[in-house]
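Everything below concerns the one structure shown next.
Letters A, B, ... mirror the listed sequences (proteins, then strands); counts begin at 1.
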Amino acid sequence: MAQDEKVIPARDERYDAQRVESKWFERWQQEPTLYAAESTSLKPKYYVLEMLPYPSGALHMGHVRNYSIGDALARYMWMNGCNVLHPMGWDSFGLPAENAAISANVPPREWTLRNIANMKAQMQRLGFAYDWQREVTTCFPEYYRWNQWFFLKLYERGLAYRKKSKVNWCPKCCTVLANEQVINGGYCWRHEDTLVEQRELEQWFLRITDYAEELLRDLGRLPGWPEKVRVMQRNWIGRSEGALIDFKIDGPAPPSGPAISVFTTRVDTIYGATSVQLAPEHPLVSDMTAENAVLRAKVEQLIAEQRKAKELGDIGEIEKHGVNTGWGAINPFNGEKLPIWVANYILMDYGTGAIMSVPAHDERDYEFAKKYKLPVRLVVLPGGGDADETSSDPPLPFVDENGLVVNSGLFSGLRSPEAIRKMAEYAQQNGFGKATVTYRLKDWGISRQRYWGTPIPMLYCEEDGIVPVPEKDLPVLLPDNVQITLTGGSPLLEVPEFLHATCPKCGGAARRETDTMDTFVDSSWYFYRYADARNSQAPFASDTIAYWFPIDQYIGGVEHAILHLIYSRFWTKFMRDFGLVRNDEPVEHLFTQGMVIKDGAKMSKSLGNVVTPDEMVARYGADAARLYSLFAAPPDRDLDWQDKGIEGIQRFLGRVYRFVMRHAAATRNAGPAAPQAVNLSPEARAVQRKLHQTIKRVSDDFQGRWHFNTSIAAIMELVNELYGLEENRTRGESVAAIVPAGLLAELQRDLALLLAPFAPYLAHELWEILGQQGNLLRAPWPKYDPVLAQEEEIEMPVQINGKVRSRITVQADATEVLVRERAMADEKIRKAVAGKQVENVIVVPGRLVNIVLC
RNA sequence: GCCCGGGUGGCGAAAUAGGCAGACGCACGGGACUUAAAAUCCCGAGGCCCUAACGGGCCGUGCGGGUUCGAUUCCCGCCCCGGGCACCA
């Protein structure tokens with residue numbers, strides 16, 4: 001065939017990845033619908049998603065690894081006949097764009113769009129199979145208008161509200177920082193020597209705590225999530241069952257109230273309370289210190305200590321300090337008057353900021369009581385219930401939660417769990433307390449005093465107060481040409497045409513909200529938008545969501561285990577309650593890949609150990625970069641990048657290419673049918689067996705642990721075996737002479753198919769060289785035949801007392817009796833056993849023989 | 001302190017039912033091809049010891065115990081590294 005001469009290069013030509021990849025890159029660029037998901041299909045749906053990137057400027061190797069995993073899976077699912085949704089987008093609002101505006105004087109929009117263009121080109125060059133028709137860019141009004149729409153819905157239902165609250169403030173940036181931008185326990189991420197301050201500001205909050213219970217409960221219904229992530233979320237939600245108990249203040253009531261409410265998980269120890277402890281910033285403290293400057297100064301000292309410890313990140317390790325206020329409070333259970341102290345180990349932002357101190361039964365209270373010589377009163381003893389042993393003198397503090405309650409009036413003689421229940425009931429009946437549940441999770445503060453984000457669609461009117469922007473007026477557009485300044489307020493404050501609006505209720509003048517939304521709002525629901533990305537009437541059509549959701553597989557870094565993944569779960573749950581979606585959870589299976597490190601440290605510019613995708617693609621090709629990122633370590637573990645390692649992958653790709661090159665002509669002329677096993681020579685049968693074993697191993701890795709490093713190793717083994725045969729050409733036994741044409745054709749096609757999820761460029765090239773019609777992406781994944789994969793003869797080690805002494809070769813299905821006979825008849829074994837007493841012979845069929853001597 | 005990972009050759013790693021430790025790859029050594037180099041192809045290789053060699057012995061998966069015919073794998077007690085949480089009452 002004359003045509004072949006042109007298409008097919010010389011047999012042993014070196015693999016030129018740049019030439020081949022450029023060719024396919026150009027072709028794929030011509031076909032924008034190549035990887036499009038079908039909106040309706042009889043095939044099973046499969047939604048595979050990688051976390052969308054922030055358009056920082058360029059991809060790094062962590063991205064490449066993340067997307068290589070997802071792309072392999074997407075391609076595998078396509079080849080297994082699924083209707084695959086595999087989209088990509090941009091988390092494109094955020095502070096770095098504003099920083100660029102300040103430092104490089106580039107408008108945030110321009111900076112962002114330029115970065116997106118660059119990163120998209122990088123992704124396409126890497127050959128990732130995304131459905132770009134569904135691309136989502138969160139900084140476009142077509143997207144963020146729905147953030148505003150959701151906000152209005154939340155506001156209508158009372159799930160969005162406004163309150164005064166403390167926020168992180170960097171005095172050098174002159175702006176509020178997200179919690180994520182506060183590093184090393186209290187420093188600004190851009191000014192690592194600058195401590196973040198706390199400022200009190202009016203903020204918009206989303207009532208995520210309404211869903212705390214369900215968010216916690218449903219963690220138990222996510223078996224497809226890593227245990228690690230579920231534990232992290234559980235800790236973050238931090239549910240704690242306990243009781244609120246009011247201690248009446250002795251004497252005239254101060255302005256902030258007549259009683260101190262304390263939270264405790266151990267109300268059963270309340271008869272052992274010997275003081276009440278307040279956080280230094282507790283509102284009552286200022287009342288109590290109002291007329292005592294000395295006391296006030298001491299409290300200020302405690303506040304300073306706490307703040308410093310928090311900044312240093314070692315709150316929990318500071319030395320406990322406290323000061324007696326001179327005030328007293330009444331224990332409602334026994335009428336006892338207890339001193340009220342202020343202590344630096346009491347946190348204002350947990351529980352009520354006040355505790356009852358029970359030194360005998362709490363580590364911290366014990367330490368504090370020892371220091372300040374407060375009484376220690378034992379009210380729970382070991383034993384009780386089914387325990388036989390009781391001791392009236394346990395080591396202190398005694399914190400066992402299942403002891404016997406004593407010296408506690410009516411409640412003496414109960415075990416702790418029962419006492420906790422009864423005492424909470426008693427408190428409620430008598431009006432001084434109740435059982436309660438507290439959470440560490442707080443409502444989500446979404447206000448940001450920044451420019452580059454979604455405007456919060458709210459108005460403030462002199463007449464009507466807070467007024468939502470009517471739905472028909474959405475989107476509230478983020479203006480361009482805004483001067484990004486460091487004056488301390490939102491830059492939008494300085495834009496009169498944005499700031500001044502008309503009240504939709506009274507028609508009078510109104511001021512627009514100038515804060516923008518936390519960018520985590522954007523990423524909380526973006527994956528729903530992919531399913532219906534061009535919908536201009538609604539964020540999405542519910543029926544379309546019902547088809548695609550939940551996401552079958554979500555892949556990303558574990559650093560998003562809490563924030564993004566909790567917000568996303570919250571968003572799904574309220575959308576379900578609003579009737580917008582039907583699923584309870586957004587993600588069925590979550591996979592968290594490890595970090596890419598080099599020379600023992602995370603790649604970073606300051607360490608100078610950065611490897612960029614661009615240089616890898618230029619030197620080795622996209623296939624090699626992708627394959628190596630999958631080969632160097634299992635995907636869930638950290639990957640230690642070694643420059644020499646990728647060269648080995650490059651060699652492997654060349655070996656595959658040259659092998660196929662040598663035999664392609666035969667394949668192109670061969671029929672599609674594979675020969676029956678019975679017709680094969682033992683050598684050809686061995687090749688066939690290896691092929692089927694390889695298909696099995698690669699398929700099993702996709703179905704199981706995703707240890708693609710071993711999948712790729714398996715393909716390397718197959719190729720090595722073929723080369724081993726090839727070398728026998730000196731005896732006139734090249735692979736083509738050993739393996740019949742039909743099997744050789746099957747072998748080569750399967751090789752291309754097996755490589756397709758990992759190295760798509762080479763795979764497509766081979767597919768074409770082999771004369772195959774149709775897109776490789778839609779070609780069926782090869783099936784293995786378990787019978788053909790089976791070994792006929794196996795070598796079994798023969799051990800004596802657990803040490804290998806010889807080896808025998810037997811039929812794979814040899815009986816235990818036969819194997820034992822053969823083992824005992826082996827010459828080395830006979831010698832070793834001679835004259836000794838055989839105590840036992842263990843035969844594990846298909847595995848080994850162990851002869852136990854005395 | 002608590003909760004997760006992890007610790008295996010010079011290096012990245014493999015060993016999915018308790019059954020041959022080190023597959024695959026890197027680096028290294030030897031050879032083939034070449035005038036030469038590169039590229040390519042083949043072979044070798046955990047450590048220590050015995051042997052001229054063929055062969056053979058002992059040790060070896062962080063440390064110490066245990067269970068078992070047999071342990072990288074299971075149990076108990078520790079050490080080290082990475083990550084998360086942390087006066088959470």
Side-chain angles (χ1 to χ4, degrees), chain A residues 12 14 226-232 234-236 238-240 242 262-267 269 277 279 306 309 313-320 343-347 349-358 361-365 367-368 438-440 558-559 561-562 594-595 597 600 602 628 631-634 636-649 651-652 654-655 658 700-701 704-705 707 709-717 719-720 723-724 726-727 729 795-804 807 828 839-844 846-853:
Chain A
D12 278 343
R14 191 173 169 191
E227 175 62 17
K228 181 183 181 173
V229 173
R230 287 183 298 174
V231 168
M232 284 167 78
R234 199 168 291 132
N235 291 341
W236 184 263
R239 184 180 195 276
S240 180
V262 307
F263 175 72
T264 176
T265 56
R266 292 297 306 273
V267 66
T269 65
Q277 302 281 347
Q306 251 188 356
D314 61 359
I315 197 148
E317 282 153 45
I318 55 171
E319 203 183 331
K320 292 181 178 45
N344 64 353
Y345 72 101
I346 309 300
L347 306 173
D349 53 10
Y350 185 78
T352 60
I355 64 152
M356 62 177 198
S357 176
V358 185
H361 304 293
D362 183 279
E363 303 267 1
R364 297 150 297 180
D365 295 347
E367 190 188 330
F368 191 83
T438 63
Y439 299 91
R440 211 187 77 116
V558 75
E559 64 273 19
I562 294 181
M595 285 188 309
I597 59 176
K602 189 170 179 174
Y628 180 66
F631 177 71
D636 50 349
R637 289 245 292 266
D638 285 350
L639 183 157
D640 185 29
W641 189 275
Q642 300 189 347
D643 287 335
K644 286 284 180 187
I646 192 170
E647 291 178 15
I649 292 295
R651 278 196 280 274
F652 165 67
R655 277 162 78 82
R658 284 186 296 276
D700 287 352
D701 273 324
R705 296 188 303 176
H707 279 197
N709 53 330
T710 58
S711 314
I712 294 161
I715 301 172
M716 287 174 171
E717 278 185 57
V719 173
N720 288 350
Y723 267 81
E726 208 72 321
E727 206 38 35
R729 273 179 296 182
E795 195 185 62
M796 287 174 76
V798 182
Q799 299 180 333
I800 291 176
N801 291 341
K803 288 183 175 169
V804 179
R807 292 167 191 285
K828 283 181 198 163
E839 190 156 286
N840 198 2
V841 178
I842 288 147
V843 177
V844 186
R847 293 284 189 181
L848 51 52
V849 181
N850 190 14
I851 298 164
V852 186
L853 302 180

Given that both distances must come in under 3.5 Å, which nucleotide forms a Watson-Crick or G-U wobble pair with [N]?
N	answer
B:G44	B:C28
B:G9	none
B:C74	B:G66
B:G1	B:C85

Can you tell me which nucleotide in [options] comes closest to the side chain of [X]?
X	options	answer
A:Phe631	B:G12, B:G84, B:A14	B:G12
A:Ser240	B:C24, B:U16, B:A89	B:A89
A:Ile355	B:A89, B:C26, B:C69	B:A89
A:Tyr723	B:G12, B:C20, B:C41	B:C41

Working for salt bridge (Lys or Arg N to Asp or Glu O under 4.0 Å), residues A:Arg364 and A:Glu367
CA-CA 5 Å; A:Arg364 297 150 297 180; A:Glu367 190 188 330; over 6 Å; no

Side-chain N or O of [X] less than 4.0 angstrom from OP1 or OP2 on [N]?
X	N	result
A:Asn801	B:G70	no
A:Arg230	B:C3	no
A:Lys803	B:G60	no

Confirm from the modelled atom types if [X] and [N] form a donor-acceptor pair under 3.5 Å, side chain to base only.
X	N	value
A:Lys320	B:C87	yes
A:Arg807	B:C20	yes
A:Asn850	B:C69	yes

Just by distance, do the side chain of [X] and the backbone of [Y] share a donor-acceptor pair under 3.5 Å?
X	Y	answer
A:Tyr628	A:Asp643	no
A:Asn344	A:Glu319	yes
A:Asn850	A:Ile842	no
A:Gln277	A:Ile355	no
A:Tyr723	A:Arg655	yes
A:Asp638	A:Met595	yes

Which part of the nucleic acid, if any, lies within contact of [X], taking any heavy atom under 4.0 Å across all strands shown: a base, the sugar-phosphate backbone alone, or nothing?
X	answer
A:Arg651	sugar-phosphate
A:Arg440	base
A:Pro634	sugar-phosphate
A:Asn720	sugar-phosphate
A:Ile346	base

When you check every protein heavy atom under 4.0 Å of nucleotides 28-34 of chain B, what one-letter string (B, S, -) results, 5' to 3'?
-------

Could you tell me which residues satisfy ring pair (Phe, Tyr, Trp, His ring centres under 6.0 Å) with A:Trp236, sequence neighbours excluded, listed by chain and number?
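A:Trp236: no ring pair (Phe, Tyr, Trp, His ring centres under 6.0 Å) contacts found.
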
